[in-house]
Visitor: 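The structure under discussion is supplied below as structure tokens; questions concerning it will follow.
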Amino acid sequence: MQIVSRYDAVVRPAPYRDEFEYETFIGRNTADLIEPLNAMRTQNFRDYPYLYEGRRENLYERQCAEELSQSEHTIIVVAYYGNIPAGFTTAFPLMSAAEVLDDDEPMFIQNGCRPSDFYYWSEAAIAPEFRGHTILSRFNQQIESQAIEWGYDHMCLATIIREDHDPRKPRDYKEPGPLWRRFGYRRTNIQFAYWWPTRMKDGSVCYVPNKMSLWIKSDLRKRKQY
């Protein structure tokens, strides 16, 4: 694989949406992406609303990624502009997402959902200079198509919950809800918590739970297939 060398580029020209290329990695093939993608991941999630203060060499994250790479239904899609990585996204069966199901599986059942029917769109990271060029829409299409091929009926994702007047929120921040609704997701009353080192309002960093809200997209195979 030549994937690592693509992360050496420094000059990033203005992109055009038709010039992006996408490469999909599945199962054990995702293991080689752990290190090269972690730099982009760490930088992307440092921004609001995640305020993540992790480190590229975080051993816990590496172990989690290596465990997920053992699943034949783990997928990573990487977008490139020439040899430059523009962004990536990850997804895997919901049953592999221990943080989501740890205490919340009964809530799925109460909402008429079986966790085994769901494919979980976990993360999407796009470099700031490449945002707004339909990359996220293409990620959505490719993950959904793969989920359908593997026989999943539903997809889900999680968004973070922050206070409306959080002082850490940039003035130009746009809430992602309208975008997820456009992709066909609906917000549920299922909530859970992810723990990570978080930049607090006073500037300090603490390892705290961050409340998340679950969104679901149902009946994939009855929808338009890409």
Visitor: Who pairs with Glu123 by salt bridge (Lys or Arg N to Asp or Glu O under 4.0 Å), at least two apart in sequence or on another chain?
Guide: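 Result, salt bridge (Lys or Arg N to Asp or Glu O under 4.0 Å) vs Glu123: Arg41.
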Visitor: To the nearest 0.5 Å, tell me how far Arg114 CZ sits from Leu94 CG.
Guide: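 The CG atom of Leu94 is 12.5 Å from CZ of Arg114, to the nearest 0.5 Å.
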Visitor: Compare all side-chain heavy atoms of Thr74 with those of Thr90 and state whether any distance is below 4.5 angstrom.
Guide: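 Thr74 does not reach Thr90 side chain to side chain.
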Visitor: Between Phe118 and Tyr120, does the ring pair (Phe, Tyr, Trp, His ring centres under 6.0 Å) criterion hold? Intermediate values first, please.
Guide: CA-CA 6 Å; Phe118 281 82; Tyr120 182 52; 9.9 Å; no
Visitor: Would you check, one step at a time, whether the test side-chain contact (heavy atoms from CB on, under 4.5 Å) holds for Tyr185 with Met155?
Guide: CA-CA 8 Å; Tyr185 287 86; Met155 284 182 56; 3.0 Å; yes
Visitor: Which value, rounded to the nearest 0.5 Å, describes the distance between Leu33 atom CG and Ile76 atom CD1?
Guide: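 The CD1 atom of Ile76 is 4.5 Å from CG of Leu33, to the nearest 0.5 Å.
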Visitor: I'd like to know whether CZ of Arg131 has more than 12 heavy-atom contacts from other residues, nucleotides or ligands below 6.0 angstrom.
Guide: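 Result for CZ/Arg131: enclosed.
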Visitor: Got Pro197 and Cys206 here, is their nearest side-chain heavy-atom distance under 4.5 Å?
Guide: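 They are not in contact (no side-chain heavy atoms under 4.5 Å apart), so the answer is no.
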Visitor: Can you find a heavy atom in the side chain of Leu220 that is under 4.5 Å from one in the side chain of Glu144?
Guide: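 Yes, side chains in contact.
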Visitor: Apply side-chain contact (heavy atoms from CB on, under 4.5 Å) to the pair Glu23 and Phe25, showing each step before the final yes or no.
Guide: CA-CA 7 Å; Glu23 194 165 0; Phe25 302 83; 3.5 Å; yes
Visitor: Do Gln70 and Arg28 make a side-chain contact, defined as non-hydrogen atoms from C-beta onward lying under 4.5 Å apart?
Guide: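 Yes, side chains in contact.
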Visitor: Applying salt bridge (charged side-chain N to carboxylate O under 4.0 Å, His left out) as the test, list every pair that has at least one member in residues 147-159; sequence neighbours left out.
Guide: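 Output for this query lists Asp153-Arg221.
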Visitor: Only one of Leu157, Ile160, Ile161 passes side-chain contact (heavy atoms from CB on, under 4.5 Å) with Ser213; say which it is.
Guide: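 That would be Ile161; it is the only one of Leu157, Ile160, Ile161 passing the side-chain contact (heavy atoms from CB on, under 4.5 Å) with Ser213.
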Visitor: Roughly how far, to the nearest 0.5 Å, is OG of Ser96 from NE2 of His73?
Guide: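 Rounded to the nearest 0.5 Å, the NE2-OG separation comes out at 10.0 Å.
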Visitor: Any ring-ring contact (aromatic ring centres under 6.0 Å, His included) pairs touching residues 28-49, not counting sequence neighbours?
Guide: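 Residue pairs with at least one partner in residues 28-49: Phe45-Tyr50, Tyr48-Tyr173.
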Visitor: Where does the angle between the aromatic ring planes of Tyr22 and Phe20 fall among parallel (under 30°), tilted (30 to 60°) and perpendicular (over 60°)?
Guide: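 Tyr22 vs Phe20 ring planes: tilted.
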Visitor: The criterion is ring-ring contact (aromatic ring centres under 6.0 Å, His included); which residues satisfy it with Tyr119, sequence neighbours excluded?
Guide: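 ring-ring contact (aromatic ring centres under 6.0 Å, His included) list for Tyr119, sorted by chain: Trp150, Tyr152.
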Visitor: Please name all residues satisfying salt bridge (Lys or Arg N to Asp or Glu O under 4.0 Å) with Arg138, sequence neighbours left out, ordered by chain then number.
Guide: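 Expected list: none.
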Visitor: Would you check if there is a donor-acceptor pair between the side chains of Gln146 and Thr24 at a distance under 3.5 Å?
Guide: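 Gln146 and Thr24 do not have a side-chain donor-acceptor pair below 3.5 Å.
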Visitor: Could you tell me whether Trp215 and Trp121 have their ring centroids closer than 6.0 angstrom?
Guide: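 Not close enough - the centres of the two rings lie 6.0 Å or further apart.
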Visitor: Should Gln191 and Met212 count as side-chain neighbours, where that means a heavy-atom distance under 4.5 Å?
Guide: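 With C-beta onward as the side chain, the pair stays apart.
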Visitor: Where is the tightest heavy-atom contact between Glu175 and Lys169, given as atom of each residue plus distance?
Guide: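 Nearest pair, atom of Glu175 first, then Lys169: OE2-NZ, 4.0 Å.
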Visitor: Are the side chain of Thr30 and the backbone of Gly27 linked by a donor-acceptor contact shorter than 3.5 Å?
Guide: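 Yes.
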Visitor: Restricting to non-hydrogen atoms, name the atom on Pro85 and the atom on Tyr80 that form the minimum distance, rounded to 0.1 Å.
Guide: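 Heavy atoms of Pro85 and Tyr80 come nearest at CA-CD2, 3.9 Å.
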Visitor: So, for Phe92 and Ser122, which heavy atoms are closest and what is the spacing to 0.1 Å?
Guide: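 Where Phe92 meets Ser122 most closely, the heavy atoms are CE2-CB, 3.4 Å.
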Visitor: Could you pull out all residues at least two apart from Thr198 that satisfy side-chain contact (heavy atoms from CB on, under 4.5 Å)?
Guide: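 If we apply the side-chain contact (heavy atoms from CB on, under 4.5 Å) test to Thr198, skipping adjacent residues, the hits are Leu51, Arg162, Arg168, Trp196, Met200, Val208, Asn210.
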Visitor: Any chance you could lay out the side-chain contact (heavy atoms from CB on, under 4.5 Å) test for Glu53 and Arg46, step after step, and finish with the verdict?
Guide: CA-CA 6 Å; Glu53 286 293 337; Arg46 182 174 289 121; 3.7 Å; yes
Visitor: Looking at every non-hydrogen atom in both residues, tell me the closest pair between Met40 and Gly87 and how far apart they are.
Guide: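 Closest approach of Met40 to Gly87: SD-CA, 3.6 Å.
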Visitor: To check you understand the geometry: which heavy-atom pair defines the closest contact between Ala79 and Ile135, and what is its length?
Guide: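 Result for this residue pair: CB-CG2, 4.0 Å.
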Visitor: Glu19 and Tyr81: side-chain hydrogen bond (donor to acceptor under 3.5 Å, both in side chains), yes or no, with the steps?
Guide: CA-CA 6 Å; Glu19 297 184 8; Tyr81 181 69; 3.2 Å; yes
Visitor: Look at Glu163 together with Lys211 and state whether they make a salt bridge at an N to O cut-off of under 4.0 Å.
Guide: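 No, no charged N to carboxylate O under 4.0 Å.
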Visitor: Do Asn140 and Lys217 come close enough that some side-chain heavy atom pair is under 4.5 Å?
Guide: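 With C-beta onward as the side chain, the pair touches.
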Visitor: Atom CD1 in Ile216, atom OG in Ser218: separation rounded to 0.5 Å?
Guide: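 So the gap between those two atoms works out to 4.0 Å.
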Visitor: Would you sort out whether Thr188 and Arg186 count as a side-chain contact (heavy atoms from CB on, under 4.5 Å), showing the intermediate values?
Guide: CA-CA 6 Å; Thr188 72; Arg186 65 175 179 84; 4.1 Å; yes
Visitor: Closest heavy-atom contact between Ser137 and Phe183?
Guide: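 Distance-wise, the nearest heavy atoms are CA-CZ, 3.6 Å.
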